[in-house]
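The structure under discussion appears below in the form of structure tokens.
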Amino acid sequence: MRLIHAAAASTLLLAVSACNDAGASDVDDAATAESTEVSEAQQIATQFLEAAGSGDMNTLSNLMADEFVWHNEGDKTLPWIGNWEGKETVLGTFLPAFGAGLTTTSWSTDYTFVNGNDVVFMGTMSATANPSENETGVFSWAVRVHVEDGKVKSWNWFEDSFAVSKAYHGS
């Protein structure tokens with residue numbers, strides 16, 4: 001539901017921009033000013049995404065709430081799929097399991113949507129499943145990041161888990 005609101009806001013900004021062509025410059029200026037502002041939630045979520053992607057565990061840890069939840073949907077036979085609750089569990093158990101299982105080979109972040117304290121990033125990626133050395137191929141991903149009190153409280157990851165599972169299991 002929140003993604004729909006963010007997409008609707010983007011559509012609204014495009015409509016307001018189109019109105020500018022018809023002479024509504026004051027409305028367009030306000031929409032442009034608002035759309036270029038980056039919220040604290042977006043800044044923190046972006047820093048977190050970049051830290052996760054670069055392996056910067058110090059920044060990741062500093063941005064993560066103690067009661068952080070990392071959730072990955074998908075094939076439960078993969079060692080990193082499921083709910084990982086608590087900063088120490090994520091840093092000490094989840095991230096090593098994920099790193100041992102999958103190596104990202106390409107990555108792009110193509111879209112960012114913000115709705116209050118929730119930030120959604122969408123893009124494409126590819127990876128190699130380490131146990132089988134099979135490639136996933138390029139697939140779409142999305143993540144919803146929730147920020148509270150200057151810390152990332154949750155990370156809800158969505159990907160083509162079928163492609164990842166096939167590569168991991170060597171099929």
Side-chain angles (χ1 to χ4, degrees), residues 2-3 5-7 9-10 34-76 78-165 167-168:
R2 292 178 183 196
L3 178 60
H5 290 293
S10 293
E34 185 175 330
S35 69
T36 59
E37 291 179 20
V38 177
S39 70
E40 179 186 24
Q42 184 177 352
Q43 289 175 1
I44 292 167
T46 300
Q47 290 171 358
F48 193 86
L49 179 72
E50 291 171 355
S54 69
D56 182 352
M57 293 301 116
N58 188 45
T59 299
L60 204 63
S61 178
N62 288 336
L63 293 173
M64 194 181 293
D66 290 336
E67 63 283 354
F68 176 80
V69 176
W70 188 304
H71 180 81
N72 284 5
E73 292 289 337
D75 178 358
K76 301 267 191 247
L78 301 178
W80 61 86
I81 297 299
N83 239 22
W84 299 85
E85 298 182 16
K87 181 178 184 173
E88 296 307 316
T89 300
V90 170
L91 293 172
T93 305
F94 166 75
L95 287 173
F98 177 75
L102 203 66
T103 301
T104 302
T105 55
S106 71
W107 177 276
S108 72
T109 303
D110 303 319
Y111 303 98
T112 302
F113 304 98
V114 180
N115 184 13
N117 288 336
D118 292 307
V119 181
V120 175
F121 299 103
M122 299 171 69
T124 59
M125 67 179 284
S126 62
T128 301
N130 296 334
S132 68
E133 298 183 356
N134 286 344
E135 299 293 321
T136 61
V138 176
F139 59 87
S140 297
W141 62 268
V143 64
R144 183 181 65 219
V145 183
H146 181 73
V147 177
E148 285 183 20
D149 301 320
K151 298 282 185 178
V152 176
K153 179 91 176 199
S154 68
W155 171 278
N156 196 348
W157 179 261
F158 305 93
E159 66 187 8
D160 182 350
S161 60
F162 184 65
V164 174
S165 178
Y168 184 83

How close do [X] and [Y] get, counting heavy atoms only, and between which atoms?
{"X": "Ala41", "Y": "Gly116", "value": "CB-O, 3.7 Å"}
{"X": "Glu73", "Y": "Ile81", "value": "O-CD1, 3.5 Å"}
{"X": "Ala100", "Y": "Pro131", "value": "O-CD, 4.3 Å"}
{"X": "Leu91", "Y": "Pro96", "value": "O-CD, 3.4 Å"}
{"X": "Ala65", "Y": "Lys87", "value": "O-CB, 3.6 Å"}

Check: [X] side chain, [Y] main-chain N or O, donor-acceptor pair, under 3.5 Å:
{"X": "Thr89", "Y": "Glu85", "answer": "yes"}
{"X": "Lys151", "Y": "Asn62", "answer": "yes"}
{"X": "Ser61", "Y": "Met57", "answer": "no"}

key: The single option from Tyr111, Trp157, Phe158 passing ring-ring contact (aromatic ring centres under 6.0 Å, His included) against Trp141   =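 Option passing the ring-ring contact (aromatic ring centres under 6.0 Å, His included) with Trp141: Trp157.
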query = If we ignore angles and hydrogens, is there a donor and acceptor under 3.5 Å between the side chains of His71 and Asn83?
reply = yes
key: With Gln47, the side chain to side chain contact (heavy atoms under 4.5 Å, CB included) member among Val152, Leu63, Leu60   = Leu63
query = Do Val120 and Met122 pass the side chain to side chain contact (heavy atoms under 4.5 Å, CB included) test, and can you show the C-alpha distance, the side-chain angles, and the key distance before you say yes or no?
reply = CA-CA 7 Å; Val120 175; Met122 299 171 69; 4.1 Å; yes
inquiry  = If you count every heavy atom of other residues, nucleotides or ligands that lies below 6.0 Å from Asp149 atom CG, does the total exceed 12?
reply    = no
remark   = The side chain to side chain contact (heavy atoms under 4.5 Å, CB included) partners of Asp160 (sequence neighbours excluded) come to Phe139, Phe162, Ala163
message = Would you say that Trp155 contacts Val143 through its side chain, given a criterion of any heavy-atom pair below 4.5 Å between the two side chains?
response =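 The answer is yes; the side chains approach within 4.5 Å.
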query = Does some side-chain heavy atom of Val145 sit less than 4.5 Å from a side-chain heavy atom of Phe121?
reply =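 Counting from C-beta outward, Phe121 and Val145 do come under 4.5 Å.
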Nearest-0.5 Å distance that lies between atom CD in Glu148 and atom NZ in Lys153 =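 Here the rounded value is 4.5 Å.
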message = For Gln42 and Thr112: C-alpha separation, side-chain torsions, deciding distance, then whether side chain to side chain contact (heavy atoms under 4.5 Å, CB included) applies.
response = CA-CA 9 Å; Gln42 184 177 352; Thr112 302; 3.6 Å; yes
inquiry  = Tell me which pairs pass side chain to side chain donor-acceptor pair (under 3.5 Å) where either residue lies in residues 124-134, with sequence neighbours left out.
reply    = Thr103-Asn130, Thr105-Ser126, Ser106-Ser126, Ser108-Thr124, Thr128-Glu135
request  = Would you please indicate yes or no on a ring centroid separation below 6.0 angstrom for Trp70 and Trp80?
outcome  =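 That pair fails the under 6.0 Å test.
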Pair Val147-Glu40, side chain to side chain contact (heavy atoms under 4.5 Å, CB included): steps then yes or no = CA-CA 9 Å; Val147 177; Glu40 179 186 24; 5.8 Å; no
request  = Could you please spell out the steps behind the side chain to side chain contact (heavy atoms under 4.5 Å, CB included) verdict for Phe48 and Met64?
outcome  = CA-CA 8 Å; Phe48 193 86; Met64 194 181 293; 4.0 Å; yes
